[in-house]
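Notes follow once the structure below has been shown.
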Protein chains: 2
Amino acid sequence: MTPVWPDELFTDLDRTGPVPLYYQVSSRLEQAIRSGTIPTGSRLENEISIGERLGLSRPTVRRAIQELVDKGLLVRRRGIGTQVVQGQVSRPVELTSLYEDLKHGHHEPSTEVLSYEVIPAPEEVAEKLSVAVGSDVLRIRRLRGTDGVPVAILENYLPKEFTDIIEADLKSKGLYQLLRARGVTIRIANQSISARRATADEADLLGESRGGPLLTMERIAFDDSGRAIEYGHHCYRPELYRFETTLVAK
Amino acid sequence: MTPVWPDELFTDLDRTGPVPLYYQVSSRLEQAIRSGTIPTGSRLENEISIGERLGLSRPTVRRAIQELVDKGLLVRRRGIGTQVVQGQVSRPVELTSLYEDLKHGHHEPSTEVLSYEVIPAPEEVAEKLSVAVGSDVLRIRRLRGTDGVPVAILENYLPKEFTDIIEADLKSKGLYQLLRARGVTIRIANQSISARRATADEADLLGESRGGPLLTMERIAFDDSGRAIEYGHHCYRPELYRFETTLVAK
DNA sequence: ATTGTGATATTGTTAGGACATATTGGCTTG
DNA sequence: CAAGCCAATATGTCCTAACAATATCACAAT
């Protein structure tokens, strides 16, 4: 019943390096599933025997499998076993900037900085960033495109201590990448996705018809310590961009 | 430094019932955070002392906390501790139908069944549902509203064995609710969100201007065993609906 | 033919312990 | 006084062990 898996899945793990064992296991499994080595719909061996094969305890194997369950690749049922989900699984919306998103998709992202200025925080921005109204915030407005075609208008607000982000760097790097280089890691983001008509200004920038539909995304991002770091308001050309997610019922 | 928490957080847990201990703990903590009893930005006690207070082992406490980290309410850093995220956390997009979504938001959902028919599966639908092209599938088209105002047009396709879903029931219940009553649990869904212009037909149904923007969502849902159960294509009035998500970097 | 019962397989929950690693801050030393 | 080392603290990883809950199947009983 259980299909025979290739030996590569069970070669020795690296117990000396910094990569956790559960992560090594889940990575191998994910790769095997996405490549079709483990076919969709098939059943996995049970946790204990996988553990025996790899020389791991059950909790470690369990954690590896749980990672893939959370990603939506596997389904578990008590008393039954673990199965691979049928149908192609889309990679979820990740916590990356659009720039990295596009680059990952083997496109050549381009950026034009439309404006870059320090302004007193309007009420809406102040509230989202948890700073005082009127205090200095950095406002960045960019036009993002791929392969020469405009895709999105990005408007971002950051607290004043980030005003040393160099305008020139924004042309060749994503905002999150620049923040990471400064030692700031974005950990959590609250997103809200909707749509609206394009204004005349936006339509011209994006090469879209006036009053045409735009996909919009509003986001507040928090760092390691839970502090609000960035408030963004983006709009995308809907024919060229969409948000993909995998939802898993707990 | 550590704030004093109310005793309610540490009253005895129910060790007899079917509710897991880690779930009882994470529920209490979540409630305390959302209600402000544990203020945003504050630090939690460490895992071990929480465990001692509740009479629990460290793995159990750890799992409870991890649940809230995954939900985006808490942030953990090795060597530092666990902190509550600043800023209001939005509840994530859950794996529920729009009907339950709206009902939860204290609105009164209404449904008009526009069409209900068994048709041979077009290529696109057959592929998404992993059935043969031309095989029978159930097609449902509904107009969903709240408080008398139309909000969305829902088009769903299901495999033929669900043709016994009663058309009349769709008026008063959500599709997922009806599936659950049949013993089918939706476990995983792949969603894709974008936008487009409304067709004349759609604009009339939704009371929207012709050519106006619509928020669109495409979804394939899988059940417990990983089988494709439903393929849906929905469009929403963007002023009345939006998708909210919390993203957490792993 | 249907129902119940028990054996088996598998995941779910909880415990308790050990060691690793990252961060902070104080102490020591040059 | 500054730099570096070290202890304290907290989370991260991994192990062994046990029992609970659920689904399946064979088989007996009605």
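All chains are named by letter (A, B, ...) in the order of the sequence lines, taking the proteins before the strands, and each is independently numbered beginning at 1.
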If I take atom CG in residue A:L44 and atom P in nucleotide C:dT11, what distance separates them, rounded to the nearest angstrom?
8 Å
Nearest to the B:E47 side chain among C:dA15, C:dT11, D:dT11, which nucleotide is it?
D:dT11
Side chains of A:R219 and A:N156: donor-acceptor distance under 3.5 Å anywhere?
no
Heavy atoms under 4.0 Å, any strand shown: does A:R77 hit a base, just sugar-phosphate, or nothing?
sugar-phosphate
Starting at NZ of B:K250 and ending at C1' of D:dG12, how long is that distance when rounded to a whole Å?
16 Å
Would you check if there is a donor-acceptor pair between the side chains of B:R144 and B:T111 at a distance under 3.5 Å?
yes
Between atom CD1 in A:I48 and atom P in D:dC15, what is the gap in whole Å?
14 Å
When A:G55 and A:G79 are each assigned the nearest nucleotide of DNA chain D, the 5'-most assignment goes to A:G55
5'-most contact on DNA chain C (nearest-nucleotide basis), B:L21 vs A:T16, goes to B:L21
Determine the contact category for A:R58: base if any of its heavy atoms lies under 4.0 Å from a base atom, sugar-phosphate if only primed atoms, P, OP1 or OP2 are that close, otherwise nothing.
base
Within the structure, does a side-chain N or O atom of B:R62 lie under 4.0 Å from either OP1 or OP2 of D:dG12?
yes
Nucleotide D:dA10, atom C1' - distance to CG of A:D224 in whole Å:
15 Å
Per side chain to side chain donor-acceptor pair (under 3.5 Å), B:K128 is matched among B:E230, B:E218, B:H233 by B:E218
SB check A:K71 A:E67 (cutoff 4.0 Å):
no
How would you label the contact of B:P20 with the nucleic acid (heavy atoms, under 4.0 Å): base, sugar-phosphate, or nothing?
sugar-phosphate
Take atom CD of B:Q24 and atom C1' of C:dT14, then tell me their distance rounded to the nearest Å.
13 Å
Quick one: which protein N/O atoms are closer than 3.5 Å to N/O atoms of nucleotides 4-8 of chain C? Pair and distance per line, please.
none

Expressed in angstrom and rounded to an integer, what is the separation of A:E52 atom CD from C:dA9 atom P?
13 Å
In this structure, CD1 of A:I188 is separated from CG of A:D223 (nearest 0.5 Å) by 9.5 Å
Send over the distance from A:L54 CG to D:dT13 C1', rounded to a whole Å.
17 Å
State whether a side-chain donor-acceptor pair under 3.5 Å links B:T246 with A:N190.
yes
Among D:dC15, C:dT14, C:dT11, which is the nearest nucleotide to the side chain of A:N46?
C:dT11
Are A:Y22 and D:dT13 close enough that a side-chain N or O sits under 4.0 Å from OP1 or OP2?
yes
Counting only side-chain nitrogens and oxygens, does B:R78 get under 4.0 Å of the OP1 or OP2 atom of D:dT13?
no
Quick one: is C:dA15 close enough that its OP1 or OP2 comes under 4.0 Å of any side-chain N or O from B:T60?
yes
As an exercise, state the distance from CZ of A:R58 to CD of A:E47, rounded to the nearest 0.5 Å.
4.5 Å
Per A:R63 side chain, nearest of listed nucleotides C:dA15, C:dT11, D:dT13:
D:dT13
Can you tell me how far C1' of D:dA21 sits from CZ of A:R76, to the nearest Å?
15 Å
Between the side chains of A:Q66 and A:R76, is a donor N or O closer than 3.5 angstrom to an acceptor N or O?
yes
